[in-house]
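Here the structure is a predicted model, which is why all the values come from computation and not from measurement. First listed ligand is number 1; within each ligand, the first listed atom is number 1.
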Amino acid sequence: MITSKSLIAYYSRKGDNYVGGRIVNLPVGNTEIVAKKIQELTGSDLFRIETVEIYPKDYTETTRVAQNELNENARPELTRTVDDMDAYDVIYLGYPNWWGTMPMAVYTFLESYDFSGKTIIPFCTHEGSGLGNSERDIKKLCPNTKVKLGLAIRGGSVKNADNMLQSWIV
Ligand SMILES: Cc1cc2nc3c(=O)[nH]c(=O)nc-3n(C[C@H](O)[C@H](O)[C@H](O)COP(=O)(O)O)c2cc1C
């Protein structure tokens, strides 16, 4: 029997963030909450995309750093790599919407492996912009990869997202 192995790779930032119109301190990032729910539902392996340089706890400062990184098309260095990416056919890729796309750390991640012939299933958390341009940007970075329709969840709704996730995961 051929079994298909899946990985959930996600970036998420804890600390102050903008949720439902106000700044809230998130001890666990919104995207991480969703990633763990997907793990419970699918039994996939979990990989946290982490940058060497930590972003500020302050929301506004982080938006400035992130905007500079986007303008410079930066590739922030990551702390570690997936041991055996070849073993995975399906990658659930999670991230917050930052300035209309993925954090640049996710760009670094996507350029670190060959995703040819694999399937990427994006999911993102956001404050109104949904997936933004991220699906298009993933396709640009991974031209030989099947990119499935992504799921966008508002930051304030992640704790109640179980039913939505259940019907999204096939
Ligand atoms: C640097 C930065 C930029 C953001 N840009 C957007 C944006 O363009 N559109 C949007 O809807 N939300 C934006 N947000 C809000 C986040 O997408 C949202 O709070 C998300 O749930 C955070 O996920 P996390 O806790 O997993 O990091 C931004 C947040 C940050 C910190």
Side-chain angles (χ1 to χ4, degrees), residues 6-42 44-80 82 91-112 120-141 147 149-166 168-169:
S6 56
L7 176 74
I8 302 158
Y10 70 96
Y11 175 82
S12 184
R13 172 185 156 275
K14 61 183 180 193
D16 288 350
N17 219 323
Y18 192 69
V19 183
R22 62 194 183 96
I23 301 292
V24 178
N25 180 27
L26 303 175
V28 180
N30 290 329
T31 312
E32 180 162 338
I33 290 174
V34 177
K36 290 192 171 155
K37 284 181 189 286
I38 296 174
Q39 188 195 26
E40 278 171 30
L41 290 167
T42 62
S44 311
D45 293 342
L46 200 60
F47 178 82
R48 185 186 171 94
I49 301 170
E50 229 172 25
T51 52
V52 171
E53 241 172 87
I54 307 295
Y55 290 89
K57 178 177 175 289
D58 183 76
Y59 168 74
T60 310
E61 278 178 40
T62 296
T63 60
R64 286 200 199 103
V65 175
Q67 192 170 35
N68 282 340
E69 287 181 349
L70 179 64
N71 291 343
E72 290 166 7
N73 199 20
R75 294 293 183 270
E77 195 186 333
L78 306 182
T79 53
R80 59 207 177 88
V82 175
I91 293 98
Y92 292 91
L93 182 70
Y95 45 86
N97 182 323
W98 277 15
W99 293 108
T101 185
M102 306 164 279
M104 299 317 282
V106 181
Y107 284 63
T108 309
F109 176 80
L110 289 175
E111 286 178 351
S112 301
I120 291 181
I121 310 177
F123 63 96
C124 104
T125 67
H126 67 100
E127 273 306 306
S129 319
L131 287 141
N133 295 321
S134 63
E135 289 167 300
R136 184 202 69 188
D137 294 335
I138 295 168
K139 285 178 190 162
K140 262 200 240 167
L141 291 165
V147 181
L149 206 62
L151 180 72
I153 304 176
R154 274 213 181 237
S157 305
V158 293
K159 289 194 176 126
N160 306 314
D162 298 57
N163 289 345
M164 195 197 290
L165 287 168
Q166 242 156 16
W168 176 65
I169 289 163

Return the residue, atom name and 0.1 Å-rounded distance of the protein heavy atom closest to [atom].
atom: atom 25 (O) of ligand 1; answer: N30 N, 2.8 Å
atom: atom 5 (N) of ligand 1; answer: W99 N, 3.0 Å
atom: atom 9 (N) of ligand 1; answer: S129 OG, 2.7 Å
atom: atom 19 (O) of ligand 1; answer: N17 OD1, 3.2 Å
atom: atom 27 (O) of ligand 1; answer: R13 N, 3.0 Å
atom: atom 12 (N) of ligand 1; answer: E127 N, 3.3 Å

Distance col, row T63:OG1 vs Y18:OH, nearest 0.5 angstrom, shows 11.5 Å

Rounded to the nearest 0.5 angstrom, the OH-CD1 distance for Y10 and I33 is 10.5 Å

Any atoms of ligand 1 less than 4.0 Å from a non-hydrogen atom of [X]? List them with their elements.
X: T31; result: 23 (O), 24 (P), 26 (O)
X: H126; result: 11 (O), 17 (O), 21 (O)
X: G128; result: 11 (O)
X: L26; result: 25 (O)

I need the minimum non-hydrogen distance between [X] and [Y], along with the two atoms involved.
X: A9; Y: I91; result: CB-CG2, 4.4 Å
X: L93; Y: I120; result: CB-CG2, 3.9 Å
X: S129; Y: N97; result: CB-ND2, 3.3 Å
X: V19; Y: E127; result: CA-OE2, 3.5 Å
X: P96; Y: P103; result: O-CD, 3.2 Å

Note: heavy atom closest to atom 4 (C) of ligand 1, options T63, V34, N97, belongs to N97

Nearest non-hydrogen contact to atom 29 (C) of ligand 1 from the set Y18, W98, Y95, Y10 belongs to W98

Nitrogen or oxygen of Y59 less than 3.5 angstrom from that of ligand 1 = no

Within-cut-off N or O pair, G100 and ligand 1, under 3.5 Å:
yes

Would you mind telling me if ligand 1 is within reach of the side chain of [X], the backbone, both or neither, using heavy atoms under 4.0 Å?
X: V158; answer: neither
X: T125; answer: both
X: A66; answer: side chain

- Keeping the roles fixed (side chain from T125, backbone from I153), state whether a donor-acceptor pair exists under 3.5 Å. no

Please state whether the rings of Y55 and Y11 are parallel, tilted or perpendicular, taking 30° and 60° as the class boundaries.
-> perpendicular

| field | Distance-only polar pair, side chains of S44 and Y92, donor-acceptor under 3.5 Å | value | no

- Is there a donor-acceptor contact under 3.5 Å linking the side chains of D137 and Y107? yes

